[in-house]
Amino acid sequence: MAHEFPPLKNDLLLRAARGEKTERAPVWVMRQAGRYLPEFREVRKSHEFFEVCRTPALATEVTLQPIRRYSGLLDASIIFSDILVIPQAMGMEVLMNPGPSFPEPLDTPADISKLNKVVDVEKELGYVFKAITQTRIALAGEVPLIGFCGAPWTLFAYMIEGGGSKFFQKSKTWIFKYPEESKALLMRIADVCVDFLVGQAKAGAQLLQVFDSWAGELSPHDFDIFSLPTLVHISTNVRKRLAAENLPSPPMTLFAKGANYALASLADSAGYDTLGLDWQIDPAEARRLVKGKVALQGNMDPNVLYGGRDAIEGAVKRICAGFAVDGGPQAWIANLGHGITPGVDPEDLRWFFECVHKYSARS
Ligand SMILES: O=C(O)CCc1c2[nH]c(c1CC(=O)O)Cc1[nH]c(c(CC(=O)O)c1CCC(=O)O)Cc1[nH]c(c(CC(=O)O)c1CCC(=O)O)Cc1[nH]c(c(CCC(=O)O)c1CC(=O)O)C2
């Protein structure tokens with residue numbers, strides 16, 4: 001069922017994602033609804049993390065917090081959720097204490113039988129769809145709403161490591177010792193990603209972002225074998241499924257953190273409109289590698305936000321100049337190179353937004 005939503009008043013994000021010239025760069029930041037905001041910490045005092053994700057009224061409230069606080073400065077909202085809701089939907093328990101931890105990670109391929117055989121995404125993750133629809137209504141068209149999911153390789157690593165990891169020894173053991181079983185599991189995760197993103201688009205998400213946060217742990221060779229095919233599977237099938245129902249596909253962004261080695265090939269053939277960049281690549285070099293085939297998003301080091309106003313202004317100025325095409329913003333979404341961290345002063349983030357408005361403006 002298609003929903004009727006209030007008309008969109010600010011489409012800078014969608015125009016930049018389509019590669020268009022814009023009067024200034026649209027800006028948002030990954031993790032913009034979160035712990036650096038006192039109003040978020042207030043909600044978290046009385047509600048567990050996954051309770052916020054699973055309760056549409058709470059997810060809507062925290063998604064809107066940065067939009068309210070930075071009214072007129074932010075050009076996108078992102079639905080409050082987490083990449084780890086997919087492993088939960090596949091039957092795994094995930095705790096947040098305070099970082100993610102899986103009491104029963106997958107140890108060997110025999111453990112794959114513990115996962116749900118069929119994942120009913122509507123039943124398991126329908127709460128995200130409800131939150132998206134409610135948030136679209138509450139946004140009243142002020143800015144577009146982004147939906148997202150984790151990429152198969154990153155989720156696979158979490159499911160096997162049982163949480164964050166420094167050396168990725170267990171997940172690497174899987175791909176090198178059990179490559180066929182690994183590829184099959186990665187594709188199973190990819191199928192859930194497809195259902196999840198299609199559901200988010202139908203619920204009202206206006207752009208979809210896939211987070212391959214641990215792509216940089218793979219060698220270029222192994223990325224091509226264990227991640228890229230699943231990323232192509234997702235972009236191709238999300239569009240196909242929506243087209244089959246005569247629905248438009250929202251623009252899609254891939255953030256493959258640490259995989260700047262793959263930028264040229266991702267721009268060529270991964271099937272995404274925008275590639276998100278971490279801070280380890282120079283903007284002009286990224287532009288050169290993608291040859292105008294995709295839009296770019298990023299890429300200020302999130303820790304610059306701890307450096308004070310002059311440092312922030314200097315970095316934004318440099319980045320705006322680095323991404324500019326013919327002297328102005330085109331096909332660029334300003335963002336950090338990864339999520340904002342909990343200790344940032346919200347007023348310093350406001351300054352970041354103000355600097356982007358100032359230095360990216362087409363003269
Ligand atoms: O330590 C980490 O950053 C990753 C581990 C972690 C995850 N969820 C988590 C934590 C604990 C924590 O943030 O402390 C747990 C988590 N997820 C989130 C929060 C809120 C916050 O950061 O203050 C939190 C902190 C929990 C809390 O409130 O106490 C929400 C979240 N996760 C995510 C998103 C999407 C986005 O980034 O915009 C969003 C929504 C943000 C929004 O609505 O504005 C995505 C996410 N979650 C996660 C990852 C994997 C990252 C990695 O492992 O390097 C990623 C993707 C990424 O950031 O690259 C896993």
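First listed ligand is number 1; within each ligand, the first listed atom is number 1. As a basis for the values below, the full set of heavy atoms in this structure was taken, side chains included, without hydrogen atoms, waters or symmetry mates.
Proximity of the aromatic rings of Phe223 and Tyr261 is defined here by a centroid distance below 6.0 angstrom, and this criterion is met. Between Phe80 and Phe40, the ring centre distance stays below 6.0 Å.
In this structure, Asp282 does not pair ionically with Arg318, as no charged nitrogen and carboxylate oxygen lie closer than 4.0 Å. Salt bridge annotation for Glu61-Arg68: present, with a cationic side-chain nitrogen under 4.0 angstrom from a carboxylate oxygen. Salt bridge Arg69/Glu39: present, at least one basic N to carboxylate O contact under 4.0 Å.
There is a side-chain donor-acceptor pair under 3.5 Å between Asn260 and Asp278. Judged by distance alone, the side chains of Tyr306 and Thr341 do bring a donor and an acceptor atom under 3.5 Å apart. In summary, the side chains of Asp191 and His233 do present a donor paired with an acceptor at a separation below 3.5 Å, with no hydrogens or angles considered. Between Trp214 and Glu161, the side chains place no donor N or O within less than 3.5 Å of an acceptor N or O (distance only, hydrogens not considered). Side-chain atoms of Gln65 and Gln32 form no donor-acceptor pair, as typed in the model, at a separation below 3.5 Å. For the residue pair Thr63 / Ser77, no side-chain donor-acceptor distance below 3.5 Å is found, with atom types taken as modelled.
At a 3.5 angstrom cut-off on N or O pairs, Arg31 counts as close to ligand 1. The shortest N/O to N/O separation between Ala33 and ligand 1 falls below 3.5 Å. Between Gln32 and ligand 1, at least one N/O pair is under 3.5 Å apart.
Here is the list of ligand 1 atoms found below 4.0 Å of a heavy atom in Gly34: 21 (C), 23 (O). Near Ser81, the atoms of ligand 1 lying under 4.0 angstrom from a non-hydrogen atom of the residue are 30 (C), 31 (C), 32 (N), 39 (C), 40 (C). For ligand 1, the atoms closer than 4.0 angstrom to any heavy atom of Ile78 are 38 (O), 42 (C), 43 (O), 44 (O). Contact atoms of ligand 1 toward Pro100: 5 (C), 6 (C), 7 (C), 10 (C), 11 (C) (distance under 4.0 Å to a heavy atom of the residue). Under a 4.0 Å criterion applied to the non-hydrogen atoms of Ser213, ligand 1 contributes the atoms 50 (C), 51 (C), 56 (C), 57 (C), 59 (O). Of all atoms in ligand 1, listed by their number and element, those nearer than 4.0 Å to a heavy atom of Met96 are 8 (N), 9 (C), 15 (C). Atoms of ligand 1 lying under 4.0 Å from any heavy atom of Arg44, numbered from 1 in the order shown and given with element: 27 (C), 28 (O), 29 (O). Numbered from 1 in the order shown, with element, the atoms of ligand 1 that lie under 4.0 Å from a heavy atom of Phe40 read 28 (O).
There is no protein heavy atom less than 4.0 angstrom from atom 1 (O) of ligand 1.
Phe148 CZ, 3.5 Å is the protein heavy atom nearest to atom 35 (C) of ligand 1. Among all non-hydrogen protein atoms, the one lying nearest atom 54 (O) of ligand 1 is Trp214 NE1, 3.3 Å. In this structure, atom 17 (N) of ligand 1 lies nearest to the protein heavy atom Asp82 OD1, 2.7 Å. Regarding atom 26 (C) of ligand 1, its nearest protein heavy-atom neighbour is Phe49 CD1, 3.5 Å. Scanning the protein for heavy atoms near atom 58 (O) of ligand 1, the closest one is His338 NE2, 3.2 Å. Shortest contact from atom 49 (C) of ligand 1 to any protein heavy atom: Ile83 CD1, 3.4 Å. Scanning the protein for heavy atoms near atom 14 (O) of ligand 1, the closest one is Arg35 NH1, 3.0 Å. Scanning the protein heavy atoms around atom 53 (O) of ligand 1, the nearest turns out to be Tyr158 OH, 2.4 Å.
Between Asp82 and Val94, every side-chain heavy-atom pair lies at or beyond the 4.5 Å cut-off. Counting heavy atoms from C-beta outward, Leu263 and Ile281 have side chains that approach closer than 4.5 Å.
Of the options Leu228, Leu218, Asp222, Ile189, a side chain to side chain contact (heavy atoms under 4.5 Å, CB included) to Trp153 is made by Leu218 and by none of the others.
Here Phe80 has heavy atoms under 4.0 Å from ligand 1 in both its backbone and its side chain.
Not a single heavy atom of Gln209 sits under 4.0 Å from any atom of ligand 1. Not a single heavy atom of Val52 lies less than 4.0 angstrom from ligand 1.
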